[in-house]
Structures are given as C-alpha cells and as structure tokens.
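Okay, so here's the structure we're looking at.
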Amino acid sequence: MGNKGKDLLLSSSFRFKVMFISIICLVIPATLTLAIYNYLTKDTIKEQAQSNANTELTIANEYVEKLLEDMMYITNFIQVDAEMNTILKRKIKSAAEQTEEQKYQQFLDDSKINKTLENITLVGEKSYVTILLKNGISYTNYSNSELDPTDLYMEDWFKELNNLKGYETVWIRSQPTMFKTEKPINPYQISVARTLRDESLNIYGYVIVTIMENNINQVFENMNGDEDMILLDSSNHIISHNNDSRIGEQFQYSDQLTEENSSNIFRISKKDYLIAEQKISFTGWKLVSIVPYKQATNKINGIFNKLFIVQVVSFTIFLILMTYFLRTITKPIVRLGNVADIVQQGNLNIRSRIQSKDEIGRLSASFDQMLNTINDMIQDITDTQERKRKAELDMLQAQINPHFLFNVLNSIRMKVMVKGDKESANMISSLSKLLRMTISKDKEIITFQEEVQIVLDFINIMNMRQKEKVNVEITIHEEANLIMIPRFILQPIIENSIIHGLNQSAGKIIVNAEMTENEVIIILEDNGRGMDEQTLSQLKRKFIHSHTLDNSTSKNNKGFSSIGISNVYERMYMTFGQEFKMDIKSELGKGTQVIMSIPKGGRRPNVQSNAS
C-alpha cells in the first residue's frame, strides 16, 4: 500500500472516530435525560406550580400594598404637614366670638385645608378623608350628607385611638359601609386611623382615611389565574373576598399557613390544593391564594410535553447537521496533520494553503506563517552569528586602547616613584583609578565603601592642583560600607564643595554615614561660604524636579566633573524610588550641608561579582 493510500485510510479512521465520539456524547446524555425525566418531572412541576402561585400572589400583593400605602401616605401627609398642623392647632384655640378679621382668616384656613384634602386624594383610588378635632370641628373631602363625621365617635374602634403612641396607626378591617351613596354598590369599607398631636404629645385631633373593600376585590378579579385570593387580618379573619358574604368569617384553612411568605399543598375531599401566603408588613395583614393543584399544573404539564417534543425533533435535526459539519471540519484538519508530518521529516518549504475563513483556516494560516518565520529566523540567526563574531573582534580591539592607557599611566607612576616623587606617583595612581572607574561600563552600582574611595582619590587630585589643601573627615558606620549605590554620587557634591563652597581654598569636608532602624543617612558637610536663602531655594527646586525634566544634555557630557547635584538626585531617585530623600541646608558664612537618606535594605553587594 502506498503513502497516499495510507493517508486516505488514516483520514477515514479519524473522521469515523470524531463522528462516533460526537454522537455518543449526544446520545448518552439525551438517553439519560429521557430516562430520569419522569422521575424528576413530578418534583419540578410541583416546584413550578408553587413558584407560579407565589408569583401571582406577589403581583396581587404589590397592588394591594399600593392601595394601602396610598392611605398611609394621606395620614402621614396630614400629620407632618407644617402649614396644615398650624391651622388645625389654631382651630382648637379659636374663641367663640370672633372679629371680622378673624372670621376672614378662618375662611382662608378652611379653604386651604379643603384644597389640600382635594389635592392629596386626586391620584389613585377614591378615598374618603376625615379630620376630627377635639372641639368638634371636622374637615372632610366629602359632603356631610354622605356621612356625619361625628358618627365616627360611636364606632368601637375609635376608642383604641386614645391608646396609641406617637405615629402609631390603627388599621380597621372591613366594616359595613357608612357612606350613603356607596352602600348599594360597596357593602364594606376599610379604614386606617391616626391621632394628631401637639408639641406636648397631647392629642388634639384624629385623621381617618377610608376606601371601599371593592377596590381590593377588583385587584383579585383582574388576576389571570384560577386562584381564589383572600385578604386576612392578623387573627385570620377575612377582610376582602370575591364573595361578600364571607367577609368577617374566620379563615377555615388557617392551620395550613405554616410559614410567612411561603406555599404549601394540602388535601380537601380527596383533592389537592395549593395554598400560598404573603404578609403585608406595615398592617400585620396577609394575602392568601388557594388554587386546585390540578389546575395549577395543567399549563405546566402542557409546556413540559411541548418542550419534550421540541427537544426530540431538535436533537434529530442537530444530529444530521452535526454529521455534515463534522465531515466539513475534519477534512482540513487531516490535511493540516499531513503537512505537520512532512514538516517533522525536515521539509520546511511545504505549506498547507487551506483558504477557509473559519478557525481551521486561521490555524492553517498561522501554521504557514510559523514556517515562514522559522525560515526567516534561521537566516537571521546565521547573519547574527556572523555579526557577533565581527563584533567580538571589534570589542577586543576597543579594549586594547584603555588597557594600553592604564598600563602607560602605571609605568609612568613607577618611574616617578623610582625617582622619589611619591606625591606625583600618588596623583597618577588616583587619576588612573578615577579614569578606570569612569570608563568601566560594568560597575554602574558599587558599594558605599568603593564610592568613598573614589572621593578620596578625587580630593587627592584636587589637593595636587590647588595651592591650599582640603582636609576630609570620614566617619562611616561599618554596616553602611556594604550598601549598594550608583557610582559617582558623592564626588559631584564634593566637587561643588571644593569649587563653589570653599572657593578652591583651604577648608574641611566631613563625610558621615549613620545607620538608623530603617534607613542609612549620608551627610556631606563643608565649612565654606554657604548660600543665601534665595540661592538655596532655587537649587532645591532644581534637583527636586530634575527627575521629571529632560536631562539629555547632562547625559552627553563625558567627564565625571560635569555631573551636577540634579543628576545625583535623579539617579538616586531612579535607584531607590520614593524612599530616597535629599535635603540641603546652608547659611552664608556657615557652610553647606547635604543630607541623603536611603532605605536600610538598599542594594547589598554580590560577593561573587565583587570577587570577579
């Protein structure tokens, strides 16, 4: 059998495995789903029926609460409205005999109260508002022909008002309608009452808001379900029901109400019923719905049956489509696998060239691009190796000149020392060390001890140049010697002290490094001429903002003497970040002091690198 026949056989085997595994992954879950469907459906239907009952009850509860909240809003408004309370308190204190001006004011007050009562009852269901004062004066949004407000004093519930405290309210369950025009069509009414109190918490009046029980009953009738909804008070007496004759009765299935805001299934005369309840918090009342369980589950069973049929049909169609698409997908995958086998054998010039726009096409394009990149990288590596060999030669040549220079300086130093001129020999030695440190590119970070040695070599050279020598006092904590800092940090400050502070004359420079619990404090001090406040302020502003400015000019300077204090601050800030602090203190005629603090951890030297 040839390679082509072998590839064809592998392709067919791969396609068969993919299709077989895909079909198994679909058939097994579908079969298990059908097997346990009957077992789980019963519980699911029960849960869904309870959920639907609670949902319907929640919707009805929101409407009922809205009606009762509107009644509560009216009582709240009357009780807290400042203008209305002022007028009502004034009515309590009004004299029997009044002047014309007082009568006119009373007329205005009555108009305002009546206007307010009309405005607060315009929105929502029709409600009857009654305000009764202790002196017998009353205000209503209805005619006295409908109801004499003083008749309310005779109601049993009215006596409870005097026992209320603060803003407490009394919710009065369904009572026979007292309004003449409402009696023929609305046999029952529901009310809420509250006291009106003065600053001393003494009762000076009462407010009663009433709606017809039929307003709540209409909410029940507008619900789409088959449930029987009932509004109960805290003692489980019926407040509102579709059947007016049942209002006031004790709810006969109150023992089935096991928990607040829950649902339950119970049995009556060999039939199952679903009962659900939700509490209306601010009244202590509850809303209950009762629906035959069979009616509650009819729609759900129909939905499950339809869903099952749709699933079977969808599964069949999906299986057919999946078989077709799997064949379409596996073909380019097999092609890509064959190309990978050829590449594995060492042929990097072959390409898959699959032109589809799907994920396989993108994978093929990436694979081809990878092969192109590998070829380019091989060529680049070849070129790089050639350039590297050339660069190594150039670098070796470049190293000859510095080494030659250091060797010449060392030879000169030895000849000068042989002739007995030790001072000149020391100067040449110091110059050689400084040049070596300046030219070296491998030691950007050095120990504080090495930096101090640079300072000593620099002062040694400066003392050779000047007529008058500068004395230096160095006090370094032993642990501070190992702190790693950027090179040439102290030298620019020492140079400024010698040139500007001491004006190249005799003087003293003190270098001190102290250790605290968390930081290393470096202090450089001279006894030169110092600076005035203006010059000091300008210098501080310059180095504090130096790390945000363009320092390209200073970076182009080759000599170490050109590195200024701003460059010192910038490099220390870049090394230690915000933990680095720098300050300058100076007075005219008293010298200058530079204080730097760095974190105690710092950068510790690498023993191996130092040894090398």
Side-chain angles (χ1 to χ4, degrees), residues 66-155 157-158 161-162 164 167-172 175-186 188-199 201-215:
K66 179 62 172 60
L67 289 174
L68 301 179
E69 284 175 356
D70 288 344
M71 297 172 65
M72 181 71 75
Y73 167 77
I74 295 173
T75 61
N76 290 340
F77 181 86
I78 294 173
Q79 189 170 44
V80 301
D81 184 73
E83 183 179 16
M84 179 175 287
N85 275 266
T86 300
I87 295 173
L88 293 176
K89 292 173 186 177
R90 188 187 305 154
K91 297 297 265 183
I92 288 291
K93 299 176 182 179
S94 60
E97 295 183 2
Q98 296 178 333
T99 63
E100 291 298 327
E101 183 179 354
Q102 290 174 334
K103 290 180 180 180
Y104 180 71
Q105 181 62 43
Q106 181 178 351
F107 171 76
L108 293 177
D109 291 344
D110 293 343
S111 299
K112 287 181 181 179
I113 293 178
N114 291 329
K115 184 72 172 179
T116 302
L117 292 180
E118 291 176 2
N119 290 336
I120 62 177
T121 56
L122 284 177
V123 181
E125 298 294 338
K126 182 178 180 181
S127 57
Y128 297 91
V129 182
T130 305
I131 299 176
L132 289 174
L133 301 181
K134 281 279 192 175
N135 58 4
I137 298 176
S138 63
Y139 294 95
T140 65
N141 64 342
Y142 55 86
S143 172
N144 284 351
S145 61
E146 285 279 344
L147 171 67
D148 185 357
T150 58
D151 292 344
L152 297 175
Y153 287 116
M154 307 304 297
E155 295 296 318
W157 51 264
F158 197 89
L161 296 181
N162 293 322
L164 296 180
Y167 292 110
E168 291 181 347
T169 57
V170 172
W171 285 92
I172 302 122
Q175 301 288 330
T177 301
M178 302 179 68
F179 300 92
K180 292 181 180 180
T181 57
E182 295 286 355
K183 286 182 179 181
I185 53 177
N186 296 309
Y188 291 96
Q189 66 182 32
I190 296 174
S191 303
V192 60
R194 177 178 286 179
T195 59
L196 298 175
R197 298 174 183 266
D198 57 18
E199 293 78 3
L201 300 180
N202 295 320
I203 300 174
Y204 70 86
Y206 310 90
V207 55
I208 301 98
V209 180
T210 302
I211 64 170
M212 295 299 107
E213 180 272 337
N214 191 47
N215 292 338

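Worth knowing before you read on, the calculation uses all heavy atoms, side chains too, and leaves out hydrogens, waters and symmetry mates. This structure is a prediction, so every number in the text was calculated from the model and none was measured.
Ring-plane geometry between F179 and Y128 is classed as parallel, the angle between the planes falling under 30 degrees on a 0 to 90 degree scale with a further cut at 60.
Looking at N135, its side chain does come within 3.5 Å of a backbone N or O of K91 through a donor-acceptor pair. In terms of modelled atom types and a separation under 3.5 Å, the side chain of D110 and the main chain of Y139 share no donor-acceptor contact. Although no hydrogens or angles enter the test, the distance criterion places a donor-acceptor pair under 3.5 Å between the side chain of N85 and the main chain of Q79.
Considering only residues two or more places apart in sequence or on other chains, E83 meets the salt bridge (Lys or Arg N to Asp or Glu O under 4.0 Å) condition with K112. Take Y104 and apply the side-chain contact (heavy atoms from CB on, under 4.5 Å) test, not counting sequence neighbours, and it matches L108. Not counting sequence neighbours, the partners of T181 by the side-chain contact (heavy atoms from CB on, under 4.5 Å) test are E146. In this structure D109 satisfies the side-chain contact (heavy atoms from CB on, under 4.5 Å) test together with I87, R90, Q105, sequence neighbours excluded. Residues satisfying the salt bridge (Lys or Arg N to Asp or Glu O under 4.0 Å) criterion with D198, sequence neighbours excluded, are absent altogether. Applying the side-chain contact (heavy atoms from CB on, under 4.5 Å) criterion to S138, with sequence neighbours excluded, gives L132, P149.
Here the straight-line distance linking atom CD of Q175 with atom OH of Y188 works out to 9.5 Å at 0.5 Å rounding. Separation of atoms NZ (K134) and CG (L196) is listed at 11.0 Å; rounding is to 0.5 Å. Rounded to the nearest 0.5 Å, atoms CG (D70) and OG1 (T75) are 11.0 Å apart. Atoms CZ and CG, from F158 and D151 in turn, are 11.5 Å apart once rounded to the nearest 0.5 Å. Between the CD1 atom in I172 and the CD atom in E155 there is a gap of 9.0 Å [rounded to 0.5 Å]. Once rounded to the nearest 0.5 Å, the distance linking CZ of R194 with CG of L164 reads 9.5 Å.
The two atoms that bring T210 and S191 nearest to each other are OG1-OG, 2.7 Å, heavy atoms only. Considering all non-hydrogen atoms of both residues, N215 and K126 come closest at ND2-O, 3.9 Å.
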Stepwise side-chain contact (heavy atoms from CB on, under 4.5 Å) test for I131 and L117 | CA-CA 10 Å; I131 299 176; L117 292 180; 4.0 Å; yes
Starting from the C-alpha separation in whole Å, work towards a yes-or-no answer on side-chain contact (heavy atoms from CB on, under 4.5 Å) for L88 and I113.
-> CA-CA 9 Å; L88 293 176; I113 293 178; 3.6 Å; yes
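Among M212, K183, E213, E182, the single residue meeting the side-chain contact (heavy atoms from CB on, under 4.5 Å) criterion with Q189 is M212.
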